[in-house]
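Start at 1 and go down the list; that is how both ligands and their atoms are numbered.
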Amino acid sequence: MASTIAGRAQAAYLGLAIGDALGATVEFLTPNEIRHQHGIHREISGGGWLRLKSGQVTDDTTMSLALGRAILDNGGRVEALAAAQAFDAWMRAKPVDIGNTVRRNLVTFRHSGNPQAPPSEHDAGNGAAMRVLPIALATLGQPDEIVGVAVRAQAHVTHHNALSDAACDTLVAMIQAALEKVGASGTAQDLKHFATSLVARHPQFAFEGRRRENPSGYIVETIQAVFQAFFGTDHFEACLIDVVNRGGDADTTGAICGMLAGACYGLDAIPPRWSNALDASIRAVCLTQARALVAA
Ligand code: MG
Ligand code: MG
């Protein structure tokens with residue numbers, strides 16, 4: 001199973017939820033505060049500023065699931081209006097957390113009916129990047145142009161920004177290459193050229209050098225922490241422990257590292273104690289949605 005595309009898609013979805021649940025405990029703490037409170041944070045235990053139950057996930061996972069559901073209900077097609085309506089319904093259900101840019105642009109959508117937010121150089125948060133996984137699965141094997149249109153259709157509902165777009169494109173390309181095992185060794189290093197190419201186009205994302213700790217929700221800092229952890233480790237567990245112990249927007253760096261590492265290393269690499277700790281209904285939806293999106 002782990003070696004099939006569907007298996008790696010499921011691992012990416014579980015990775016997203018596991019990284020979110022693991023990181024949420026230490027979201028907005030500094031690395032020093034984490035060391036003081038947890039030593040090395042390595043267990044899914046709930047708590048954090050959101051006072052989560054153990055295994056509970058946050059917006060990173062639930063927005064992704066809402067988007068994936070909308071794509072499946074739409075026959076596998078990615079459409080901006082369907083995505084915006086799904087996110088709006090998600091917001092009405094009073095999620096445990098919601099980003100400022102997401103809230104502002106969904107409120108605007110409610111009034112305007114236009115599912116595309118206006119371009120803004122300020123909307124360079126990580127809120128679109130954290131939910132790219134359903135797009136990567138739904139457009140697997142399609143031409144780059146179609147993938148790019150789908151990436152923007154979902155991203156621009158809340159984040160219409162060139163840096164966010166560049167990060168979303170890169171993450172989708174990495175996930176798709178990992179699922180298709182482009183680069184036969186099956187390691188993170190197979191995917192490094194996508195990161196290098198992102199930095200060549202947008203030098204702000206340069207990630208080699210100074211350790212990125214306490215990453216904010218700014219997409220550049222988020223991606224720097226994610227790439228340092230992903231390329232600096234060689235298995236799923238080490239990657240997630242590395243990134244969440246950097247603190248800051250740890251549920252989101254955890255979620256993004258989780259989808260990359262899951263796609264790259266497969267189901268067998270996910271520690272059973274983390275899978276088992278995840279909220280059971282979330283785990284079940286992740287597994288069925290991943291399989292359905294790849295098939296759609
Ligand atoms: Mg969150
Ligand atoms: Mg977050």
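- Without hydrogens or angle criteria, E213 side chain to R246 main chain gives no donor-acceptor distance under 3.5 Å.
- Put simply, the angle at the Mg ion (ligand 2) from OG1 in T252 to OD1 in D249 is close to 90°, to the nearest 10°.
- Between N105 and D123, the side chains place a donor N or O and an acceptor N or O closer than 3.5 Å (distance only, hydrogens not considered).
- For the pair R104 and F109, the cation-pi criterion (under 6.0 Å, within 45° of the ring axis) is not fulfilled.
- Taking backbone and side-chain atoms together, T58 has an N/O/S atom less than 2.8 Å away from the Mg ion (ligand 1).
- The CD1 atom of I18 lies 4.5 Å from the CZ atom of F236; values are rounded to the nearest 0.5 Å.
- Here D59 contributes OD1 and D60 contributes OD1, and at the Mg ion (ligand 1) these two atoms make an angle of 80°, given to 10°.
- For the Mg ion (ligand 2), the set of nearby N, O or S atoms under 2.8 Å includes none belonging to N126.
- Among the atoms of D97, no N, O or S atom falls under 2.8 Å of the Mg ion (ligand 2).
- For the pair D279 (side chain) and Q56 (backbone), a donor-acceptor distance under 3.5 Å is absent.
- Rounded to 10°, the angle formed at the Mg ion (ligand 2) by OD1 of D251 and OE2 of E27 is 70°.
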